[in-house]
Structures are given as structure tokens and as C-alpha cells.
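Quick note on labels: first sequence line is chain A, next is B, and so on, each numbered from 1. As the structure is a prediction and not an experimental result, all values here were calculated from the model.
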Protein chains: 2
Amino acid sequence: MERLTKQRSVILEELKKVKTHPTASELYLAVRRRIPNISLGTVYRNLEILGEEGLIMKIGCDTFNRFDGETKAHQHFFCRNCQKVYDVEENIELKFNQKIFEEKTGHKIQDFNVGVYGICKDCRR
Amino acid sequence: MERLTKQRSVILEELKKVKTHPTASELYLAVRRRIPNISLGTVYRNLEILGEEGLIMKIGCDTFNRFDGETKAHQHFFCRNCQKVYDVEENIELKFNQKIFEEKTGHKIQDFNVGVYGICKDCRR
DNA sequence: TTTGATGCAAAGTATTTGCAATCGG
DNA sequence: CCGATTGCAAATACTTTGCATCAAA
């Protein structure tokens, strides 16, 4: 059974606190202000476990992963210039016949993920 | 100006030939049957260039990238079990007010990407 | 007490890059 | 010719893992 260690709870708290979708390293820096001798490996291990528990969300980006403390279904906007990730507050509906796809292909759909790509407000101009 | 080397054209040909969305390494193996002494670095370099030219498409997966020789807009199904990627032939429409989002956030949308996640036919059972 | 979790460092994996040699236009 | 491209190997970047020790329940 999983244990609630100081490390794990601080990692979760720090992630829930921000809306910046930090990378593992960025989160490591934040957590280190509260647990100076924590190791990067521990951050990775816990992000993995917290993700499996559904307490956080892993966002696959091009070069590395980012993490999101908000687990309600929502989509992301990815800036092609600075690589930052923003939340899309609006609901995005899909018009797609899941049943027909599943019958035709034999694949079982679990969920969808919409990525919105472009240039963020800071990078325009 | 870009040059049409043997390496570049064979890489493009081999990628166009398959529907399996190979990784750089997988494509390297295929290309090596025609150019035995080609190096993996050359494959990476050319995939990058071909992508910029819009001749192929880079698909960001969790741990590594895959590449697609089909550049017509289409979506992908990602198997969570075996990590294979399949084409979604059906059109997926989005109900989303792009203009309102752009005005509200200041971000400029270039395009959308829908990922369909689940378990593929081979992995079910 | 017991076993999952930690810190550390080393290893792994995917990708990029420096450089001298080569080749396409 | 001349500069883009190559093969090679070394270097990066991100992430995972082995292991002895520690600590939560």
C-alpha cells in the first residue's frame, strides 16, 4: 500500500499550487525550497505514482513531460515558440462517432485529448 | 539550399511506404537495408528537415517521436498498451469557438490535434 | 516490525552535435 | 568549386533504476 510521505505530499501540494504545468525539474526546484535534500529521482517516482492514482495529470510535450495538478478534464494550448502550456478553459466538443470507429477497427477508445497549438500572447509581436 | 541526397530521398521513400508510424530507429533499420552504412544521426537530421519542409509529419508520443509520411490532416489512435499508433480515417470535427478563445487569451491558434487513446485490437483479450 | 519510500549515483534511452571528409548542384 | 550533408563518436537531455538506509503504518 502507498504511504503518505513528507516528500509525496509536498510534491502534490506544490503542483496543485501552480497553473504553469511545470516539468519534473521545475517542480523539483520548487519542492527543494521546502525539502532541501530531496532528490530528483524521488520527484519522478512520485509524479509517476500520483499520476497512476489520478491525483495529477501527465502532459506529454514534444521534448519532455509536464505535469498538471488539475485533474478535471480540460485541454491545453501549447505555444510553439516558448513551449509553455496554458489551460483551455472553454469546453471543446468532438463530433465523432466512437461506436462506428470501435466496430470498424476493433480498438477500444478510453478517452480523447485535444491539443491546441499556436503562438502565445507573450510570444506574439 | 537543400540538396537531394541519396540518404534523404531513401528516408522519405521508406517512410512514405509504410503506415506504421515508425520511430527514428525503426526507420533507420529499414533505410539501412538500402544504404547499409547510413548513420542514425543522418536519419534524425533528415527527419527534422523533411518535417520543416512539410513533407512528413512528426508525431509526439510519450517517450519518443514517431513519424508519418502522410501529411493530409488526419488524427491518430494511440494504444496505451503496446504504444503503437494507428490512423483515424474518420474526420473528427471540433465544436470550439476559436475567435472567442483568441480574443480572450491573446493567443493565436495555428491548429488542433486530436489524440484518441485506448487499447488496440491486438492488445484486447 | 515490516515493507514501501528515499537519496544518491549510475545507467538507460532518445536525440543532438562537433568535426573532418565527402558529394551535389 | 563551395557549402550543404554525411558518418562517426561524443555529448545532451530527460528519465529510470539498483541499493543500502530510513521511516510510515
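- Atom OG1 of residue B:T23 and atom CD of residue B:Q83 lie 12.0 Å apart, to the nearest 0.5 angstrom.
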In residues 46-60 of chain A, what donor-acceptor pairs under 3.5 Å come from side-chain atoms, sequence neighbours left out?
residue : atom : partner : partner atom : Å
A:N46   : OD1  : A:R8    : NE           : 2.4
A:N46   : OD1  : A:R8    : NH2          : 3.1
A:N46   : ND2  : A:T42   : O            : 2.9

Can you list, pair by pair, the side-chain donor-acceptor contacts under 3.5 Å of residues 116-125 of chain A, counting residues two or more places apart and other chains?
residue : atom : partner : partner atom : Å
A:R124  : NH1  : B:G106  : O            : 3.1

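- Listed by first and then second residue, the salt bridge (charged side-chain N to carboxylate O under 4.0 Å, His left out) pairs that reach into residues 17-26 of chain A are A:E14-A:K17, A:E26-A:R66, sequence neighbours excluded.
- If you measure from atom CD of B:E53 to atom C1' of D:dA4, you get 13 Å, rounded to the nearest angstrom.
- B:N113 and B:H76 share no side-chain donor-acceptor pair at under 3.5 Å.
- A salt bridge between B:R80 and A:D111 is present, with a side-chain N of the basic residue lying under 4.0 Å from a carboxylate O of the acidic one.
- Of the residues in residues 32-52 of chain B, those lying under 4.0 Å from DNA chain D by heavy-atom distance are B:N37, B:I38, B:S39, B:T42, B:R45, B:N46.
- Here the two rings, on A:F67 and A:H21, have centers that are 6.0 Å apart or farther.
- Between B:E90 and A:K104, at least one side-chain N (NZ, or NE/NH1/NH2) sits under 4.0 Å from a carboxylate O, which counts as a salt bridge.
- Taking the centre of each ring, B:F96 and B:F112 come in below the 6.0 Å mark.
- When atom types are taken as modelled, the side chain of A:N97 and the backbone of A:K99 share a donor-acceptor pair closer than 3.5 angstrom.
- The side chain of A:N65 places no N or O atom within less than 4.0 Å of a non-bridging phosphate oxygen (OP1 or OP2) of D:dC14.
- Against DNA chain D, the stretch residues 2-18 of chain A makes heavy-atom approaches under 4.0 Å through A:R3, A:L4.
- Taking atom NZ of B:K58 as the reference point, atom C1' of C:dA14 lies 11 Å away to the nearest angstrom.
- In DNA chain D, stems built from 3 or more consecutive Watson-Crick or G-U wobble pairs, each with both distances under 3.5 Å, span C:1-25 with D:1-25.
- A straight line from CZ of A:F67 to C1' of D:dC14 spans 11 Å, rounded to a whole angstrom.
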